[in-house]
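Here is the structure we will look at, set down as structure tokens.
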Amino acid sequence: KAGVTQTPRYLIKTRGQQVTLSCSPISGHRSVSWYQQTPGQGLQFLFEYFSETQRNKGNFPGRFSGRQFSNSRSEMNVSTLELGDSALYLCASSSTYSGSDYEQYFGPGTRLTVT
Amino acid sequence: QKEVEQNSGPLSVPEGAIASLNCTYSDRGSQSFFWYRQYSGKSPELIMSIYSNGDKEDGRFTAQLNKASQYVSLLIRDSQPSDSATYLCAVATGGSYIPTFGRGTSLIVHP
């Protein structure tokens with residue numbers, strides 16, 4: 001079974017621009033989560049989608065948004081980019097609806113550099 | 001605020017030794033515990049999950065959970081240089097199945 005895929009793998013953007021990242025979960029997985037990873041803050045949760053609905057949201061400003069499509073593919077968008085948005089953005093999928101056995105599998109990530 | 005604490009390391013062990021990685025958490029209601037391995041420049045890879053007190057073994061890896069003391073550990077037996085990576089501990093409470101990640105412990109296995 002193919003793993004989680006993310007595109008693009010690398011991006012360089014200028015401050016003030018916007019960016020859209022894409023994630024395709026493992027086949028059959030309906031829950032998709034997004035994380036930001038930086039050396040200073042570690043792995044931080046952005047939001048989680050299930051059946052096209054945002055179920056959970058982390059503590060990030062409204063510039064960060066996402067959506068999920070009927071085929072479970074997900075996109076996240078960052079508007080008005082800031083230098084501090086430079087990070088590795090990770091998508092993770094899970095086959096579990098919720099509960100104690102919610103195991104997540106990560107994609108390779110998108111490395112975003114804001115200049 | 002749910003907190004997951006790990007020693008950043010690096011933890012350096014010789015090849016063939018047992019590497020012991022520890023993680024403590026603040027929320028007594030935590031029910032799910034995960035260990036991820038992350039090689040430099042790569043994404044986290046799930047290696048172990050544990051949900052009840054005690055030990056869980058999978059190959060060279062053993063996860064140990066002690067809810068009373070609020071810690072979870074990962075033992076790697078017969079450590080190999082290929083085990084050199086950052087190990088992330090992740091903890092989820094019953095109130096939210098979304099895990100909180102620790103900052104990770106860097107493990108170096110030297111020949």
Side-chain angles (χ1 to χ4, degrees), chain A residues 1 3-7 9-10 21 23-26 29-50 54-60 66 87-113, chain B residues 1-10 23-25 27-54 56 58 61 63 65 67 72 85-106:
Chain A
K1 189 182 279 192
V4 179
T5 59
Q6 292 187 244
T7 57
R9 294 292 310 279
Y10 302 92
L21 312 181
C23 170
S24 291
I26 293 170
H29 287 196
R30 295 168 64 190
S31 171
V32 175
S33 297
W34 288 90
Y35 290 84
Q36 180 195 67
Q37 188 174 36
T38 60
Q41 298 297 320
L43 202 61
Q44 294 192 294
F45 172 72
L46 283 155
F47 29 67
E48 183 241 353
Y49 287 86
F50 183 91
Q54 185 181 91
R55 294 195 301 181
N56 291 281
K57 188 177 189 304
N59 295 321
F60 278 81
L88 179 66
Y89 289 88
L90 293 159
C91 168
S93 75
S94 175
S95 63
T96 311
Y97 176 75
S98 65
S100 63
D101 58 347
Y102 186 80
E103 296 182 348
Q104 295 178 302
Y105 298 88
F106 285 88
T110 294
R111 173 74 62 184
L112 172 65
T113 301
Chain B
Q1 178 79 8
K2 306 167 194 172
E3 293 192 356
V4 179
E5 300 288 340
Q6 296 181 257
N7 188 318
S8 62
C23 171
T24 59
Y25 58 94
D27 192 333
R28 283 196 169 274
S30 300
Q31 296 186 4
S32 307
F33 307 84
F34 309 93
W35 284 99
Y36 286 83
R37 176 176 62 197
Q38 186 172 24
Y39 292 113
S40 180
K42 302 294 185 182
S43 61
E45 173 192 7
L46 179 65
I47 53 174
M48 290 285 286
S49 57
I50 186 167
Y51 307 106
S52 55
N53 276 329
K56 178 181 178 182
D58 184 359
F61 299 98
L65 175 60
K67 289 186 177 181
V72 56
T86 295
Y87 289 80
L88 302 170
C89 172
V91 178
T93 69
S96 172
Y97 51 86
I98 302 295
T100 297
F101 283 78
R103 300 292 294 274
T105 297
S106 173

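Every chain is numbered from 1, with letters handed out A, B, ... down the list of sequences.
Most heavy-atom pairs under 4.5 Å with chain A: of the set Leu46(B), Thr100(B), Ile98(B), this distinction falls to Ile98(B). The residue among Gly104(B), Gly102(B), Gly41(B), Ser43(B) with the most heavy atom pairs within less than 4.5 Å of chain A is Ser43(B). Most heavy-atom pairs under 4.5 Å with chain B, from the set Pro108(A), Gly58(A), Gly109(A): that is Pro108(A).
Residue contact with chain A, scored on non-hydrogen atoms closer than 4.5 Å, is absent for Glu45(B). With a threshold of 4.5 angstrom between heavy atoms, Leu90(A) approaches chain B through side-chain atoms but not through N, CA, C or O. Heavy atoms of Gln104(A) lying under 4.5 Å from chain B belong to its backbone as well as its side chain.
Annotation for Tyr51(B) and Leu65(B): closest pair C-CD2, 4.0 Å, computed over non-hydrogen atoms.
In this pair, Phe34(B) and Tyr36(B) present their aromatic rings tilted. The plane angle is within the 30 to 60° band. Aromatic ring orientation, Phe45(A) versus Tyr35(A): perpendicular (interplanar angle above 60°, classes split at 30° and 60°).
In this view, Arg30(A) and Phe50(A), Ser51(A), Ser72(A) satisfy the side chain to side chain contact (heavy atoms under 4.5 Å, CB included) rule, not counting sequence neighbours.
Of the residues listed (Pro25(A), Ser24(A), Ser33(A), Ser31(A)), the one engaging Ser93(A) in a side-chain contact (heavy atoms from CB on, under 4.5 Å) is Pro25(A), and it is the only one.
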